[in-house]
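Each chain gets a letter, A, B and so on, in the order the sequences are listed, and its residues count up from 1. Please read these numbers as outputs of a predicted model, since none were measured by experiment.
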Amino acid sequence: MDNQNSKLERLLYSASQARDERAISVPFGFETRVIALWRAGAETVTNNGIGTLVRRVAITAAAIIVVSTAAAIREVRQAEETFNEPLGDEFAIADSAIQNEFSPQ
Amino acid sequence: MAEFDSGALVKAALAGDDAAARDLVRQLYPLVAKVVRAHRPRRTPEEDLCQMIFIKVFQNLAHFSGKVPLEHWVSRIAVNTCLNQIAFEKVRPEVRHADLSEQELAVVEELSTSSGDLAPDKKLASRQLVEQLLEILKPAERFVIDSMYLEGRSVEEIKKMTGWSAPLIKVRAFRARQKMKQQLEKISREQR
């Protein structure tokens with residue numbers, strides 16, 4: 001392990017000696033490009049403000065649609081349950097009442 | 001650049017003075033270029049990355065409070081942009097013997113056969129070899145190795161540049177070194 005440590009140390013030391021000698025200077029037209037992009041970006045940000053508003057409205061609308069759909073489904077299910085309730089007792093009562101009425105005593 | 005000057009230039013640039021904004025770019029360019037050269041992702045051109053950093057700087061200029069020197073604030077943006085850009089580039093799984101140039105292989109050979117410092121003519125090849133090894137590291141680990149070993153920065157300096165804690169920096173350096181050692185050992189074995 002010491003050998004590996006030493007190898008890496010020597011490699012890193014040698015690599016650190018290879019300095020980047022290139023001179024640093026602002027490329028031609030760089031400032032103009034940066035400032036133009038910054039100003040253009042500022043306009044985009046303003047547009048994004050409207051975009052954000054539209055996005056929020058869309059999200060709120062979608063949420064309302066989801067909630068109302070869920071409520072509608074619930075309503076339909078409840079109605080189905082009411083229709084599907086066994087009506088046997090009511091028919092039986094009515095049937096026996098009719099029979100009592102018309103049957104000879 | 002004096003602090004007062006930076007503050008005045010920032011205010012003027014925010015007020016729409018393009019000349020002041022240009023002055024800011026010119027004064028900060030060497031700092032940004034230095035950070036970019038040290039931590040640039042290998043596949044992004046230097047000028048493109050500098051431009052990206054300056055646009056971020058200007059877009060956030062209104063949030064610059066002036067509590068820290070402008071240079072520190074800008075260098076932190078530069079570092080974070082470089083790290084994000086490195087993260088976009090996929091981490092290479094490993095460096096193989098076949099990926100290395102003759103000069104880089106000569107460096108590996110010399111590391112195995114001698115115990116002293118590498119010959120001065122191997123500086124460039126060793127730098128290239130280190131850059132290949134850095135590609136297997138995570139962006140944060142790469143940044144720590146770059147800063148500590150290639151630029152010779154202290155843990156304290158890295159802490160200021162990144163906002164990471166000292167133990168975190170040390171752990172990242174340790175992990176990065178382990179990975180680099182393993183990879184170097186593997187290349188040496190393949191060479192034998």
Side-chain angles (χ1 to χ4, degrees), chain A residues 1-70, chain B residues 13 16 18 21-34 37-38 46-47 50-59 61 107-108 110-112 114-120 122-131 133-134 145 148-152 177-178 180-182 184-185 188:
Chain A
M1 190 54 95
D2 280 348
N3 184 31
Q4 284 175 25
N5 263 332
S6 142
K7 272 186 193 176
L8 185 64
E9 290 294 339
R10 285 156 54 217
L11 176 66
L12 287 170
Y13 175 73
S14 175
S16 70
Q17 301 301 303
R19 301 239 173 250
D20 196 338
E21 305 290 346
R22 286 173 296 158
I24 294 177
S25 60
V26 185
F28 180 73
F30 183 84
E31 312 102 296
T32 312
R33 217 178 322 138
V34 166
I35 292 162
L37 287 167
W38 168 41
R39 302 280 188 221
E43 280 168 22
T44 316
V45 168
T46 317
N47 291 340
N48 282 348
I50 296 164
T52 312
L53 180 69
V54 170
R55 212 175 305 133
R56 280 183 191 161
V57 169
I59 289 167
T60 312
I64 291 169
I65 289 168
V66 168
V67 170
S68 57
T69 308
Chain B
D18 279 359
R22 276 202 187 88
D23 260 1
L24 266 182
V25 175
R26 273 193 288 268
Q27 296 203 36
L28 293 169
Y29 191 84
L31 170 81
V32 170
K34 221 172 150 191
R37 279 188 189 176
E46 180 183 312
E47 200 178 316
C50 284
Q51 184 176 299
M52 224 185 272
I53 292 165
F54 272 107
I55 289 169
K56 274 191 188 174
V57 165
F58 279 113
Q59 280 175 346
L61 207 56
V107 170
V108 176
E110 194 176 328
L111 284 171
S112 304
S114 77
S115 56
D117 286 344
L118 290 168
K122 298 246 167 36
K123 282 192 291 190
L124 194 64
S126 52
R127 178 84 187 203
Q128 286 162 349
L129 177 58
V130 167
E131 285 187 357
L133 292 174
L134 288 177
I145 293 291
M148 268 181 142
Y149 297 97
L150 302 183
E151 285 187 86
R177 284 175 56 97
Q178 290 299 106
M180 290 176 84
K181 272 191 281 185
Q182 282 169 6
L184 200 55
E185 193 51 33
S188 302

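Contacts of B:E47 with chain A are made by both backbone and side-chain atoms, with heavy-atom separations under 4.5 Å. Both the backbone and the side chain of B:L111 come within less than 4.5 Å of a heavy atom in chain A. Heavy atoms of B:S112 lying under 4.5 Å from chain A belong to its backbone as well as its side chain. For chain A, no part of B:E131 is nearby; none of its heavy atoms comes within less than 4.5 Å. Both the backbone and the side chain of B:R22 have a heavy atom closer than 4.5 Å to some heavy atom of chain A. Residue contact with chain B, scored on non-hydrogen atoms closer than 4.5 Å, is absent for A:A36.
Proximity of a side-chain donor or acceptor of B:R177 to a complementary backbone N or O of A:E9 within less than 3.5 Å is not detected.
Two residues are said to be in side-chain contact when any heavy atoms from C-beta on lie closer than 4.5 Å; B:F54 and A:F30 meet this criterion. With contacts defined as side-chain heavy-atom distances shorter than 4.5 Å, the pair B:R37/A:I24 qualifies. Contact of the B:E185 side chain with the A:K7 side chain is registered, since non-hydrogen atoms from C-beta on lie closer than 4.5 Å. Using a 4.5 Å cut-off on side-chain heavy atoms (C-beta onward), B:S126 and A:Y13 make no contact. Looking at heavy atoms from C-beta onward, A:P27 lies in side-chain contact with B:Y29 at the 4.5 angstrom threshold.
The minimum heavy-atom distance linking B:R127 with A:S16 is given by the pair NH1-CA, 4.4 Å. Minimum interatomic distance between B:I55 and A:V34 (heavy atoms only, all atoms of both residues): CG1-O, 4.2 Å.
We find the CG-CD distance between B:D117 and A:Q17 to be 8.5 Å, quoted to the nearest 0.5 Å. To the nearest 0.5 Å, the span separating CZ on B:R26 from OG on A:S25 amounts to 12.5 Å.
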Under the side-chain contact (heavy atoms from CB on, under 4.5 Å) criterion, do A:L12 and B:M180 qualify, and how do the steps go? CA-CA 10 Å; A:L12 287 170; B:M180 290 176 84; 4.1 Å; yes
Could you give me the CA-CA distance, side-chain angles and deciding distance for B:D18 and A:R39, then say whether side-chain contact (heavy atoms from CB on, under 4.5 Å) is met? CA-CA 10 Å; B:D18 279 359; A:R39 302 280 188 221; 2.6 Å; yes
Passes salt bridge (charged side-chain N to carboxylate O under 4.0 Å, His left out), A:R10 versus B:E110? Steps please. CA-CA 10 Å; A:R10 285 156 54 217; B:E110 194 176 328; over 6 Å; no
With side-chain contact (heavy atoms from CB on, under 4.5 Å) as the criterion, how do B:V108 and A:L11 come out once you've worked through the C-alpha distance, each side chain's angles and the decisive distance to 0.1 Å? CA-CA 9 Å; B:V108 176; A:L11 176 66; over 6 Å; no
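Heavy-atom pairs under 4.5 Å with chain A were tallied for B:P30, B:A33, B:S115; the largest tally goes to B:S115. Interface summary for chain A: among B:G152, B:P120, B:S114, B:A125, the most heavy-atom pairs under 4.5 angstrom belong to B:S114.
Heavy atoms from other residues, nucleotides or ligands lying under 6.0 Å from NZ of B:K34 number 12 at most.
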